[in-house]
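Side-chain atoms are counted along with the backbone in the values below, which use heavy atoms only and exclude waters and symmetry mates. Remember, it's 1-based here, ligands and their atoms both numbered in the order they're listed. Predicted model only: the values in this text are computed from it and were never measured.
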Amino acid sequence: MEKCTGVSTAWLLMAVLGVLCNVSVPRVFAENPPGSFFVNCGSTASYVDKVTNITSMPDDQFIDEKSGVNANVSSSSQYYPDFSELATLRYFPDSRAKYCYSFLVTPNTTYRIRGTFFYGNYDNQNTVPKFQMAIEGTIIASNFISEVNVIAYQEISFVPQRNVTFLCLSRDITNSVPFISAISLVKSNPEAVFAENLYRGYYYVTQFRWNFGGNGIIRHPDDIADHYWFPVKSDSSYVHSTAQVEALTATNIVNATFPPKTVMDTALTTNGTCMTIDIPFPQSYIWFMILYWSELNPNASASSRQFYVGVPGYETQFVNTSGLGENFHLSYPGRVPNYVSLFKNLSISTALGPLVNALEIFELSQNQFVTLTNEQDTLAIEEIKSSYGNLALWTGDPCLPYPHPWVTCSNVSILQSSSSIIAVNLSQYSLTGPISPSFGKLRSLTSLVLENNELNGLLPDFWQSPNLTTLNLRSNQLSGSIPPSIWDIPKLNVLDLSDNNLSGNLVPITSTSCPTSLTTVNLGNNKLSGSFPSQLLACSISTLQEMWKF
Ligand SMILES: *[C@@H]1O[C@H](CO)[C@@H](O)[C@H](O)[C@H]1NC(C)=O
Ligand SMILES: *[C@@H]1O[C@H](CO)[C@@H](O)[C@H](O)[C@H]1NC(C)=O
Ligand SMILES: *[C@@H]1O[C@H](CO)[C@@H](O)[C@H](O)[C@H]1NC(C)=O
Ligand SMILES: *[C@@H]1O[C@H](CO)[C@@H](O)[C@H](O)[C@H]1NC(C)=O
Ligand SMILES: *[C@@H]1O[C@H](CO)[C@@H](O)[C@H](O)[C@H]1NC(C)=O
Ligand SMILES: *[C@@H]1O[C@H](CO)[C@@H](O)[C@H](O)[C@H]1NC(C)=O
Ligand SMILES: *[C@@H]1O[C@H](CO)[C@@H](O)[C@H](O)[C@H]1NC(C)=O
Ligand SMILES: *[C@@H]1O[C@H](CO)[C@@H](O)[C@H](O)[C@H]1NC(C)=O
Ligand SMILES: *[C@@H]1O[C@H](CO)[C@@H](O)[C@H](O)[C@H]1NC(C)=O
Ligand SMILES: *[C@@H]1O[C@H](CO)[C@@H](O)[C@H](O)[C@H]1NC(C)=O
Ligand SMILES: *[C@@H]1O[C@H](CO)[C@@H](O)[C@H](O)[C@H]1NC(C)=O
Ligand SMILES: *[C@@H]1O[C@H](CO)[C@@H](O)[C@H](O)[C@H]1NC(C)=O
C-alpha cells in the first residue's frame, strides 16, 4: 500500500519551521553517569565481558541467598554468541508470590532499568514460563516470553520513589516458575518532555530501538548505557518502498555519542520517492517516537536530500540532512502509530531519496507508579527481617505487588496513597530470640500474632500502635513480668500471653478507666503469682481464660 501521499501545503510551512527548532534539541542522553549496575543472574563471579567490555556482576548481592537457584541454559551461545550473560539464569521454583532484587539508587533521579530473559530450555520442559515483572510495586509486564530460544527484555525509564528500588518477578495465578537472565540499571538523562512525566510518577516502556541498515545487535561499549539496538536490514518486512530499499554505510562522518556512532553510521534509503516504515505497535495509550538522521553520502550537497516525514494524524515535518556532520533527531509525541512515511516532495528537485538511521519508540504508562508502602512501616519491617534471619527471603516492598504472606496491608488498590501494615501474623515461623522492638513501630497495626515460636526475653513495653486490638504471643518462651502498660493499650481486645515463662506478681493497673475494649485475656500456663487485677475483674471482660492456672 502506498502511504506517502496527501500532504497539505499548510503543513509543509509549519514543518519547515519545525525543523529549525528541532535541530537544536539536545540529545536524549548526555553520557552514562556512574552508579550503573550490570548484573548477570545465576553467575557466581564478576567478570569482564569479552564482547561488550562490561564488568558484569553476579546477582547474589542483590537478592536473598535463599531466593532462587542457579542454572545454565542449553543453547544461548548458538543463538546469541555475543550475550555471555544469557548462558546462566536464576529461577525461582518454590511458590512465593514475588522475588525481588534490590538496588541502591539516588531518589528523584531518572533511571532506565532492564530485565533480560533467555529461557533456552534450561529445565528441559521446552515450555516458556508465564510470570510477571514488576518495578518497585508496579507490575509492568506479564507473560512476555514467547519463544524458547529468543531473547526477551522489558525496559522502562522511571524515577525511583525511595533510595532503594526493586525489580520483582511475581506470579498471579499460574504455577509457572519465574526466571531472569540479566538486569541493567543506568541513570538516564531524558529530554524535557520525558522528564516531566517521569517526575510525576509515570514511566516509559521501551518498545523499539532500531538501527536501520545495521547487522548485529549493537550494545556496550558503543552504547555506554548498553541499550540494545536491533538491526533493520534493507529486506526487512518493516520497510517498504516504491523502489528498492538500500543500506548505506559510512564511517568517520558522525561524531555521535547517542545514538552511538556505529548506529548512526548505517541507514536505509531508497532512490524512489517514498519509503514507509511499518511499526508493529499494539493498541496503546500514548507513545513517544524519536527518529534520527545523519547524511552518510559524502557526495550529498545542500540540495541533494530534502524530504518529509509523516506520521498518521500528525504534522508532516521537513528534513534537510545536507551538510550535517552530526546526527540530529526529530521527535513525535502521539497515539497508536501504524507507520512512518519518509518521502520527497517532487517539487523540490532533490537528487537523493529519503533516508533514516535510527528510531526509538517509548510508550507512556497509563497509570502512575503504585505508591510504595508507608516508609516508617517499611523500615520497621526491614528491621524485623534483620532480627530473624529466616524472614530475609521475603524481599521487596512488604505490600507490593503482592504482600508478604505474614502481613496484611491496608487497601493497596488505592493507587496514590501508600498502604500501611495493619496486621502481622508470624504464627509458626520458627522465630528465635527476643521480640523485636520494631513491631512497636508499625503505627497502624491492629493485630500482632507471634504465637508458636521460640521467642524469649522480656515482654516489650513499646506499643506505638493506637489501634492494636489483638496481641497474641502464646506458646513462646517469654519471661519476666507483665509490664503494667499493657493494660493501657487503648483498643486492646484480645490478649493472649499463655504458654510462656512469665513470672512475677500481676501488678495493679495504672489507668483509672477500665480497658473497656478487652474481651479476651488468657494468661494461663505461666509462672505468674498474685491475683488478677481487681480493676480488670470489675470491667466487663467476657472471657478470662485460665488466668488462675499460674
Ligand atoms: C574496557 O573497559 C575498561 C575499563 O572500564 C577501559 O579502560 C577500556 O578502555 C575498555 N576497552 C574497550 C575496548 O572499550
Ligand atoms: C554451569 O556451567 C558451568 C561451566 O560449565 C559449571 O561450572 C556450573 O557448575 C554449571 N552450573 C549449574 C548450576 O549447572
Ligand atoms: C526532583 O527533581 C526535579 C527535577 O530535577 C525537581 O524539579 C524537583 O524539585 C525534585 N523534587 C524533590 C522532592 O527533590
Ligand atoms: C535510605 O533512606 C532511609 C529513610 O530515609 C534512611 O534511613 C537510610 O539511611 C537511607 N539509606 C541510604 C543508603 O541512603
Ligand atoms: C532506482 O534504482 C533502480 C536500480 O538501481 C533503477 O532501476 C531505478 O530506475 C531507480 N529509480 C529512480 C527513481 O531513480
Ligand atoms: C560518490 O561519488 C563518487 C564519484 O562519482 C562515486 O564513485 C561514489 O560511489 C559516490 N558515493 C556514493 C555513496 O554514492
Ligand atoms: C538545506 O540545508 C542546506 C545546508 O544547510 C541549505 O543550504 C539549504 O538551504 C537547506 N534547504 C532548505 C529548503 O532549507
Ligand atoms: C568530531 O569530534 C572531534 C573530536 O572531538 C572534533 O575534533 C571534530 O571537529 C568533530 N567533528 C565534527 C564534524 O563535529
Ligand atoms: C510539494 O510541495 C508543494 C509546495 O512546496 C505543494 O504545492 C505540493 O502539493 C507538494 N507535493 C506533494 C506531492 O506533496
Ligand atoms: C478498597 O478499594 C476498593 C476500590 O477503591 C474499594 O472498592 C473497597 O471497598 C476498598 N476496601 C476497603 C476494605 O477499604
Ligand atoms: C495466623 O496464622 C495462623 C497460621 O496460618 C492461622 O491459623 C491463624 O488463624 C492466623 N491468625 C490470625 C489472627 O489471622
Ligand atoms: C486508627 O483507626 C482509625 C479508625 O479506623 C483511623 O482513622 C486511624 O487512621 C488509625 N490510626 C493509624 C495510626 O493507622
Side-chain angles (χ1 to χ4, degrees), residues 9 12-24 40-45 47 58-60 65 68-77 84-93 118 120-124 177 179-181 293-295 297 299-309 316-328 330 344-352 354-355 373-377 380 399 407-411 414 417-424 439-448 463-470 489-493 517:
T9 319
L12 295 178
L13 269 174
M14 290 173 66
V16 173
L17 294 173
V19 164
L20 295 176
C21 302
N22 272 311
V23 175
S24 63
N40 181 357
C41 303
S43 86
T44 51
Y47 67 95
D59 62 341
D60 48 7
E65 59 185 7
V69 181
N70 292 349
N72 293 332
V73 303
S74 44
S75 58
S76 72
S77 58
S84 67
E85 67 272 40
L86 303 186
T88 61
L89 54 78
R90 183 180 291 255
Y91 68 100
F92 302 90
F118 181 78
N121 201 20
Y122 77 89
D123 56 0
N124 292 316
V177 174
F179 76 91
I180 187 163
S181 307
W293 283 278
S294 180
E295 179 54 76
N297 186 337
N299 301 340
S301 69
S303 64
S304 36
R305 208 183 300 273
Q306 300 169 7
F307 58 94
Y308 296 90
V309 178
T316 300
Q317 301 207 40
F318 180 73
V319 176
N320 178 358
T321 66
S322 300
L324 287 172
E326 288 283 340
N327 57 302
F328 72 105
L330 184 59
K344 282 197 280 193
N345 182 309
L346 296 175
S347 66
I348 302 175
S349 59
T350 51
L352 302 173
L355 153 144
T373 300
N374 173 289
E375 189 162 20
Q376 183 182 333
D377 284 8
C399 300
V407 303
T408 305
C409 301
S410 65
N411 204 340
I414 298 168
S417 70
S418 66
S419 50
S420 312
I421 311 284
I422 56 174
V424 171
F439 285 112
K441 296 182 185 170
L442 297 167
R443 288 272 304 158
S444 301
L445 203 61
T446 61
S447 169
L448 177 62
W463 306 106
Q464 295 173 28
S465 323
N467 291 343
L468 191 67
T469 59
T470 298
I489 300 174
K491 296 184 183 166
L492 195 62
N493 177 245
S517 53

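Side-chain contact between Arg90 and Val69 is absent, with no heavy-atom pair separated by less than 4.5 Å.
Listed by number with element, the atoms of ligand 2 under 4.0 Å from a non-hydrogen atom of Asn70 are 13 (C). Every atom of ligand 7 with a heavy atom of Gln306 under 4.0 Å away is listed here by number and element: 1 (C), 11 (N), 13 (C). When each atom of ligand 7 is checked for a heavy atom of Asn320 under 4.0 Å away, the hits are 1 (C), 2 (O), 3 (C), 8 (C), 10 (C), 11 (N), 12 (C), 14 (O).
Here the closest heavy-atom approach between residue Asn299 and residue Asn297 is recorded as N-OD1, 2.8 Å.
Residues Tyr47 and Ser84 bring a donor and an acceptor atom of their side chains to less than 3.5 Å of each other.
Aromatic rings of Tyr91 and Tyr122 (six-membered ring for Trp) have centroids within the 6.0 Å cut-off, being under it.
The distance criterion of under 3.5 Å between nitrogen or oxygen atoms is met by Asn72 with respect to ligand 2.
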Under a 3.5 Å threshold, I'd like every N/O contact between ligand 12 and protein atoms, with atom names and distance.
from      : atom 1 : to     : atom 2 : distance (Å)
ligand 12 : 2 (O)  : Asn467 : OD1    : 3.3
ligand 12 : 2 (O)  : Asn467 : ND2    : 2.3
ligand 12 : 11 (N) : Asn467 : ND2    : 2.9
ligand 12 : 14 (O) : Ser444 : OG     : 2.8

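Every residue two or more places apart in sequence or in another chain that forms a ring pair (Phe, Tyr, Trp, His ring centres under 6.0 Å) with Phe118 is listed here: Tyr80. Remark: Asp123 engages Tyr119 in a side chain to side chain donor-acceptor pair (under 3.5 Å) (not counting sequence neighbours). With sequence neighbours excluded, the residues forming a side chain to side chain donor-acceptor pair (under 3.5 Å) with Asn467 are Lys491, listed by chain and number.
Rounding to the nearest 0.5 angstrom, the gap separating the OH atom in Tyr308 from the CG atom in Asn320 is 10.5 Å.
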